Amino acid sequence: MPILKITGILLAMLLLVLSSSAVADQQVIRITGIPDENPTELQRKYKPLVAYLEKKLGKKIKYVPVINYNSAVAALAAKKVDFAWLGGFTHVQARIITGAQPVVMRKIDRQFKSVIIAHHSAGIKTPADLKGKTFAFGSKSSTSGHLMPRHFLSTRFNINPDKSFKTKPVYSGAHDATAMIVQSGRVQAGALNQEVWKRLVKTNKVDTSKVAVIWTTPAYVDYVWTARKGLDPALVSKFRSAFLTLDPLRPAHKAVLSLQGAKGFVTGHAKDFNAIEKVGYKTGLLRK
Amino acid sequence: MRSINRRRTLKRDLAWIFLVVSVVLSAAYLGLDLSTLFNNQGLDNARNLTSDLLKPQLDSQYLGTILWLSIESILIGVLGTVIGVAAGILLAVGAARLPDIHEAPGKSSAIIQSVEFLIRQLFHFVLALFRTIPDMVWAVLLVLIIGLGPGAAVIAIAVVTCGITGKLFAELAETTDPELLASSRTLGMKNYALWWHCVLPQVKRQWMAYSLFRLECNIRNSTILGIVGAGGLGSEILLSIKYFNYAKLSTALMAVLLIIILLELASAWLRQRPVKYASSLAITIAVLAIFILDIPWRDLFSGNIQGNNFSWSVKEGLVLKALSLSFETILMAWCATMVAALLALLISPMVARTLNSGNYLNDTYQHTGIHYRLKRLIRGSLRMFFQLVRAMPEITFALIFVIWVGAGPLAGILAIGLHTFGVLGRLYSDVYEEVEPESAAMLQSAGLKQYSVWLFAVMPQIFPRLMAFTLYRFEVNIRTTAVVGFVGAGGIGDEIHTAFSYFLLGDLLVLLSVLFLVVVIVDAVGRRIRINILNRSYVQAIHPLNNQQGSKNELLTTTTLTRRETCQS
């Protein structure tokens, strides 16, 4: 009976496949990062880093791209990656949900800032003028593109992003996307991270005659390399020291550092992110 | 007699008034601002969009990526369907009730019968769960469990297919000739033997036919599941829209169209061959897919996701919010479907061959002349427009309309409305072409123009069917509207997306349960109304595979309805 034959063959093949499917190879270290910029940028940033880490750690490193912020956290939760470059909020999510630990961060991440930008035709001079206008955040899980701007707007200017704007805020999904969406005039104002904004201005990717910064937030702690729970502590400290030994004076290292937008790296501590966690609970983005 | 007519006319007029008023009120409630379509910003966006869409990016590297993603989408669709149909058959066996013989000796006790009844209801519930939760939601859930990649799409498609085909297969199995079953039972056959020897040979062909139809739908859906990271073309579509790279979007959309066209050609070819050609082809491609696609099968069972501390708490007032959002979703679907139906009603006579340039009388008008050619041109181009619009998944329209008019319910309504316009336009025109020609011929010979023929000879024959189809489409659209919220187009989808983003699994559970209940209730109410409408004109109730004289043996050859109806049962 052909149907039985077919079923038999299928079952055999399935057993074959199941027995040989990919189990996490301990010799490969998988890293990822939140997609806070477009994929081409991300590939550009991570390629030299992967090469450097492979040399330093003596193991194969694989960069796994993810499609949005919370996929990075989900990847840690499902043990699909070992190290992830997360923002402050996503790191707090990761540590609450999966018990992940911070490893190392850039010096500028200790004093991170967001900027509020506005289209020149919107007539917005200060954040107080944002009431009744349209607004764009970055990803829903972004610290510098959503959580902290939301927090500062509500505490300092009494603006509730879900009620005070003309329509519900748009979530562009990434910092450069926010800049583009405000520049096009589709949305009148937006929030994004200062580092990406400065880079966009420097490389002329954004037209400063159309869009300008109207406010800069106070400093807070942001990005950090996060290690998943259950990793070998020796590996984690090797990973950490690989970054700490990056020296801006050595030309080989300078390339890696400048692509990461850093002058140097420092150790990350769990207590640095307690403030972000508090803000997360306060704004309602985190819940017990 | 006159009072009955007056009552019927009153009912009909009230129904029309209700329709218009409900659409206007819904639009007001949802706060739709149609001016965003035509104001400066909107037109600017539209202009940028169209000018870039006409210049697709065709460099070899990008074409290579698109080609691989298209192949991946097709493989995902096939594998998902094969697994889903297999699972659907298993669940159908559990859910179907083969009738027992009348006054059987040694009938099973009441307790066993009620236990069996409960088990069947359980199977039905599981099938309903699988098919009411939209496939995109399954895909996001699976991405959470097994990570990004084609695996999530395959399983999401398999689950939804299992739900849809399981229900259909059970219903088809229950229509097996009861005489055959009765005589087999008297011979001593038990349930397993009955299934294998009596039911299966009879329903095999219909099951296969529907599975192939489902395959088409699933390959179409798989192209867009990538929007949530589940592999295939969807991720390219989303990325290109996010970064306003419409040239890339254009290439990706053309790839989707090409896949759909190839599918239609392939299925037309396969329909004329014996069924086993199609089934062996499908199974071969499925096996290939297992090898080619990178799916972490182990992770489904490894329980990696355990040991994580997700938030199971539920936000205060979420149930009420979910209900109001579901209400919003229903209104959106209602607006979109009804406006699309009205437009389709008025435009589809131009697409029906008999009403456009055809003729109910023989040997009168010549089929020549500019007038005739112009009519054929109109018909051909409208038909192509309908085909195009039907083929594109609604979510791609939603993404584009979000760019044009901004985020919010209007984008969702426009997207669903446009797609529904294509579906209903084609459906209505097919129905127009199938009416009994005698009354139309009589009116035409009296000298009436084609539009009068349409109004007085065609419409009275088939209006209840059109109404029933439209209502059915409305029910289907509710599910789709829930999904377009994922990309910012309003409704409950947006809330579901937020719950996913913040890993609020408690919220998610509540939202999905409310959505499930709402869809089930609307489906049940809609079915009642449809049966009511149709019974008044003594036509059989709607079923995806029935035609108006629906006999089971004609199901395989009556492909007209399956060609008209698009996916989602």
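Throughout, a chain's letter reflects where its sequence line sits, starting with A, and its residues are numbered from 1. Atom set for the values below is all heavy atoms of this structure, side chains included, hydrogens, waters and symmetry mates excluded. What you are looking at is a predicted structure, and each value in this text was computed from that prediction instead of being measured.
Residue contact with chain B, scored on non-hydrogen atoms closer than 4.5 Å, is absent for A/V187. Both the backbone and the side chain of A/I181 come within contact range of chain B, each with at least one heavy atom under 4.5 Å from a heavy atom of that chain. Interface residue A/A177: backbone and side-chain heavy atoms are both found under 4.5 Å from chain B. Heavy atoms closer than 4.5 Å to chain B are found nowhere in A/Y171, neither backbone nor side chain. Interface residue B/T498: backbone and side-chain heavy atoms are both found under 4.5 Å from chain A. With a threshold of 4.5 angstrom between heavy atoms, B/V487 does not approach chain A through any atom at all. When heavy atoms are compared at a cutoff of 4.5 Å, B/L239 approaches chain A solely by way of its side chain, counted from C-beta outward. Neither the backbone nor the side chain of B/V140 comes within contact range of chain A, judged by heavy atoms closer than 4.5 Å.
Across B/I285, B/L79, B/V287, B/L75, a single residue satisfies side chain to side chain contact (heavy atoms under 4.5 Å, CB included) together with B/I292, and that is B/L75.
A search for side chain to side chain donor-acceptor pair (under 3.5 Å) contacts involving A/E277 returns A/R95, not counting sequence neighbours. Not counting sequence neighbours, B/E72 has no partner by the salt bridge (Lys or Arg N to Asp or Glu O under 4.0 Å) test.
Applying the salt bridge (Lys or Arg N to Asp or Glu O under 4.0 Å) test to pairs two or more places apart or on separate chains, those with a residue in residues 133-148 of chain A are A/K140-B/D494.
A donor-acceptor contact shorter than 3.5 Å links the side chain of A/N68 to the backbone of A/S71. In this structure, A/N70 contributes its side chain and B/F500 its backbone to a donor-acceptor pair below 3.5 Å. At least one donor-acceptor pair closer than 3.5 Å links the side chain of A/T134 to the backbone N or O of A/Q188.
Contact detail for A/L286 and A/Y281: the closest heavy-atom pair is O-CD2, 3.6 Å.
Side chain to side chain, A/H91 and A/T226 meet the donor-acceptor criterion of an N or O pair below 3.5 Å. Between A/S141 and A/T90, the side chains place no donor N or O within less than 3.5 Å of an acceptor N or O (distance only, hydrogens not considered).
The interface of residues 33-46 of chain A with chain B, defined by heavy-atom distances below 4.5 Å, comprises A/E37, A/N38, A/P39.
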